[in-house]
Enquirer: 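Please find one structure pasted underneath; my questions will follow.
All values below were derived from every heavy atom in this structure, side-chain atoms included, with hydrogens, water molecules and symmetry-related copies excluded. Throughout, numbering of the chain's residues begins at 1 and tracks the sequence.
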Amino acid sequence: MNIEGICKSFGICGEIVACDVIKSGNINNTLKITVRDGSGEDCYIVQQINTHVFREPVRMMRNISLVTTHISEKLGEKSDRMVLEFLKTKSGDSCLFDDEGRCWRSYRFIDDSVTYDLCDDLEVLEQTGAAFGNFQMMLGDFDAGALFETIPDFHDTEKRMNTLFAHAEEDSLARLAEVSEEMKFFCENLDRAVKLTRMQKEGRLPLRVTHNDTKCNNVLFDTHTKKALAVIDLDTVMPGLALHDYGDAVRFAANTALEDEPDVSKIALSDSKFRAFTKGFLTACGGVLTDAEKENLVDSIIVMTMELAARFLDDYLTGDKYFKTDYPGHNLVRTRAQITLARDVILRYNELNEIVKTLL
Ligand code: ADP
Ligand code: GN1
Ligand code: MG
């Protein structure tokens, strides 16, 4: 089915005057569609869901429906531009399967909004922290049992490490020889990587309803006021740890460089970005965090950075089938960038914990 047909199925009327590819996500294929009718122009997001990653898109959309309804009800009159709104097809479905078996969904485009892949504005970073902290707070009374687990064991870091080690042993593409340094890093720092998984299994960290994919480009900002609007990309909202959301967000937002920066000399954890994000996050949800959670904020950055490094390397060793890549070796570049960041956080562990103490 072509894009006109897909738009029509979602009741998007008018002449399509622009169809722009949005490249920021690593999983789904996202288009911004602009349509014109008698009353002016309107924009929509039309997304092809990656069904290799999300095996049950219908159940996933049900999660998103439950979560967005819950948040809208909480926000009441203030919900305008603050929550994702998906469209239904003429037959009332939230997903459309086309004749080639591809699965589509559509969201209203949140007008005058922007996302940041790399951001140096500390005010924006503090707001990003607050947006993810508030998101967790709004779901604090949400029934976790109502949610389908869209990707089982998504942040089971121990399992991720074991998968990497198993694939390294298989080495089906003969890529292991060039990553021996990286494998050595995982072996030497394994304890740090699996710390939260172990604590979770021992019942020492509370299970909450979390976002689980807290890159700063999953928060929309108002283009003019630079105030945070909606938290988006709700595909992985599932029971999880507050620390997964915090650690993942810091690894992405407080990096001095992009997640896939090839020149590793540019990569470090920025003190000021780290401080700004943490301040926003703790102001929003610090009040509900347990002592164990507060004590492991810096550890969670190491966990999530190592988890991503392991996932990127696993994808590299097994043929780059999961993350979208722009060039051969992209996943290896991502791995090396994440390992560089993890090393920096490990080196400055005490210093970063001192900063956290001033914010608690
Ligand atoms: P992925 O799962 O691939 O990361 P996202 O749902 O995060 O896909 O969408 C990719 C990008 O598209 C976002 O980072 C954001 O820039 C833009 N985007 C997505 N949904 C909306 C929306 N409703 N309004 C405005 N921009 C959006
Ligand atoms: C993916 O979809 P996107 O780009 O927001 C991935 C995250 C990773 C991230 C790394 C469902 O997120 O877990 O942290 O790439 N999402 C999924 O850039 O695997
Ligand atoms: Mg995204």
Side-chain angles (χ1 to χ4, degrees), residues 1-54 56-69 71-72 79-117 131 150 211 213 215-237 323-326:
M1 195 184 278
N2 62 16
I3 201 67
E4 278 83 10
I6 292 159
C7 287
K8 226 171 159 184
S9 302
F10 281 108
I12 300 173
C13 306
E15 179 201 355
I16 297 178
V17 290
C19 175
D20 302 300
V21 177
I22 299 186
K23 286 206 67 190
S24 66
N26 283 335
I27 304 293
N28 298 307
N29 290 327
T30 307
L31 300 169
K32 177 184 177 187
I33 305 287
T34 310
V35 292
R36 187 182 296 151
D37 64 11
S39 55
E41 286 188 357
D42 272 317
C43 296
Y44 298 88
I45 289 286
V46 171
Q47 245 178 2
Q48 185 197 344
I49 299 175
N50 182 331
T51 47
H52 170 67
V53 169
F54 298 110
E56 296 200 55
V58 174
R59 294 179 79 187
M60 175 168 88
M61 289 311 290
R62 186 172 171 276
N63 279 2
I64 295 177
S65 171
L66 292 172
V67 167
T68 51
T69 304
I71 293 176
S72 297
S79 69
D80 186 38
R81 296 166 77 220
M82 301 299 280
V83 58
L84 268 183
E85 203 183 323
F86 63 84
L87 307 186
K88 289 199 170 171
T89 63
K90 286 175 183 158
S91 41
D93 300 317
S94 49
C95 295
L96 172 78
F97 291 90
D98 69 14
D99 32 22
E100 289 162 56
R102 295 177 302 184
C103 180
W104 299 87
R105 70 176 162 204
S106 176
Y107 290 113
R108 269 181 213 296
F109 188 86
I110 298 189
D111 287 323
D112 290 321
S113 68
V114 62
T115 51
Y116 301 97
D117 288 330
T150 54
H211 183 280
D213 188 0
K215 296 202 312 197
C216 58
N217 61 23
N218 287 331
V219 179
L220 295 179
F221 280 84
D222 185 288
T223 320
H224 308 294
T225 65
K226 293 200 176 167
K227 294 274 173 240
L229 299 168
V231 170
I232 61 166
D233 203 346
L234 306 177
D235 300 341
T236 50
V237 175
F323 296 103
K324 284 196 251 175
T325 51
D326 293 336

Enquirer: Restricting to non-hydrogen atoms, name the atom on F221 and the atom on K226 that form the minimum distance, rounded to 0.1 Å.
Expert: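 So the minimum-distance heavy-atom pair works out to CD2-O, 3.5 Å.
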Enquirer: Should Y107 and Y44 be marked as a ring-ring contact (aromatic ring centres under 6.0 Å, His included) after you check the CA-CA gap, both sets of side-chain angles, and the distance that decides it?
Expert: CA-CA 6 Å; Y107 290 113; Y44 298 88; over 10 Å; no
Enquirer: Quick check against the 3.5 Å criterion: does S91 have a side-chain atom that pairs as donor or acceptor with the backbone of D93?
Expert: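 No: the side chain of S91 does not pair with the backbone of D93.
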Enquirer: For V35 and C13, work out which heavy atoms get closest and say how close.
Expert: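 So the two residues come closest at CG2-O, 3.5 Å.
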Enquirer: Check whether any side-chain N or O of T30 sits under 3.5 Å from a backbone N or O of I22 as a donor-acceptor pair, and report yes or no.
Expert: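 Flag not set: sc T30 to bb I22 has no pair under 3.5 Å.
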Enquirer: Between I45 and S106, is the side chain to side chain contact (heavy atoms under 4.5 Å, CB included) condition met? List the steps.
Expert: CA-CA 5 Å; I45 289 286; S106 176; 5.8 Å; no
Enquirer: Report the distance from atom CD of Q47 to atom CG of L31, rounding to the nearest 0.5 Å.
Expert: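 Output value for this atom pair is 9.0 Å.
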Enquirer: Locate the shortest heavy-atom distance separating M61 from F86; write the atom from each residue and the value.
Expert: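 Minimum heavy-atom contact is CE-CG, 4.0 Å.
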Enquirer: Does any non-hydrogen side-chain atom of V237 lie less than 4.5 Å from one of L234?
Expert: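 Sidechains of V237 and L234: in contact.
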Enquirer: Working to the nearest 0.5 angstrom, can you tell me the gap between D112 CG and L229 CG?
Expert: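 Here the rounded value is 9.0 Å.
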Enquirer: Give the minimum heavy-atom separation between C103 and T51, together with the two atoms involved.
Expert: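 Nearest pair, atom of C103 first, then T51: CB-CG2, 3.9 Å.
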Enquirer: Using 0.5 Å steps for rounding, measure from the CG atom of L84 to the CG atom of L220.
Expert: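 Output value for this atom pair is 7.0 Å.
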Enquirer: Any Lys/Arg nitrogen of D117 or K23 sitting under 4.0 Å from an Asp/Glu carboxylate oxygen of the other?
Expert: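 Result for this pair is no, no salt bridge flagged.
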Enquirer: I need the S9 OG to K90 NZ distance, nearest 0.5 Å.
Expert: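 The OG atom of S9 sits 6.5 Å away from the NZ atom of K90.
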Enquirer: Side chain to side chain contact (heavy atoms under 4.5 Å, CB included), that's the test. Do I71 and V67 meet it? Break it down for me.
Expert: CA-CA 6 Å; I71 293 176; V67 167; 4.0 Å; yes
Enquirer: Run the side chain to side chain contact (heavy atoms under 4.5 Å, CB included) check on I16 and E4 step by step: do they pass?
Expert: CA-CA 8 Å; I16 297 178; E4 278 83 10; 4.0 Å; yes
Enquirer: So F10 and L96, side chain to side chain contact (heavy atoms under 4.5 Å, CB included) or not? Walk me through it.
Expert: CA-CA 8 Å; F10 281 108; L96 172 78; 3.9 Å; yes
Enquirer: Closest approach of V219 and A131, non-hydrogen atoms and distance?
Expert: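 Result for this residue pair: CG1-CB, 4.0 Å.
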Enquirer: Is there a side chain to side chain donor-acceptor pair (under 3.5 Å) between N29 and N50? Walk through the geometry before answering.
Expert: CA-CA 7 Å; N29 290 327; N50 182 331; over 6 Å; no
Enquirer: Is the backbone N or O of I33 less than 3.5 Å from a side-chain atom of D20, with the two atoms forming a donor-acceptor pair by type?
Expert: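 Answer holds: no.
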Enquirer: Could you give all pairs that pass the salt bridge (Lys or Arg N to Asp or Glu O under 4.0 Å) test and reach residues 215-225, with sequence neighbours left out?
Expert: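 The answer is R81-D222.
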Enquirer: Would you say K324 has more than 12 foreign heavy atoms packed within less than 6.0 Å of its NZ?
Expert: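 Counting neighbours around NZ of K324, more than 12 heavy atoms of other residues, nucleotides or ligands fall under 6.0 Å, so yes.
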Enquirer: Out of curiosity, N26 CG to N28 CG, how far, rounded to the nearest 0.5 Å?
Expert: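 Answer for the CG-CG pair, N26 versus N28, is 10.5 Å.
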Enquirer: Decide yes or no for D37 and E15: does some side-chain heavy atom of the first lie under 4.5 Å from some side-chain heavy atom of the second?
Expert: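 Not touching, per the 4.5 Å side-chain cut-off.
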Enquirer: Give me the atom names and distance for the closest heavy-atom approach of D235 to T150.
Expert: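 Taking D235 first and T150 second, the nearest heavy atoms are O-OG1, 2.9 Å.
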Enquirer: Can you confirm whether I27 sits close enough to D233 that some side-chain heavy atom of one is under 4.5 Å from a side-chain heavy atom of the other?
Expert: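 A side-chain contact under 4.5 Å is absent here.
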Enquirer: Keeping the roles fixed (side chain from H211, backbone from V231), state whether a donor-acceptor pair exists under 3.5 Å.
Expert: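 No, because the side chain of H211 does not come within donor-acceptor range (under 3.5 Å) of the backbone of V231.
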Enquirer: Name all residues meeting the salt bridge (Lys or Arg N to Asp or Glu O under 4.0 Å) criterion together with E100; count only those two or more places apart in sequence or in a different chain, and write none if there are none.
Expert: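 Partners of E100 under the salt bridge (Lys or Arg N to Asp or Glu O under 4.0 Å) test: R102.
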Enquirer: In Å and rounded to the nearest 0.5 Å, what is the CE to OG distance from M60 to S65?
Expert: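 Going from the CE atom of M60 to the OG atom of S65 covers 12.5 Å.
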Enquirer: Tell me if a side-chain donor or acceptor on T34 pairs with a main-chain N or O of C43 at a distance below 3.5 Å.
Expert: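 A pair under 3.5 Å: no.
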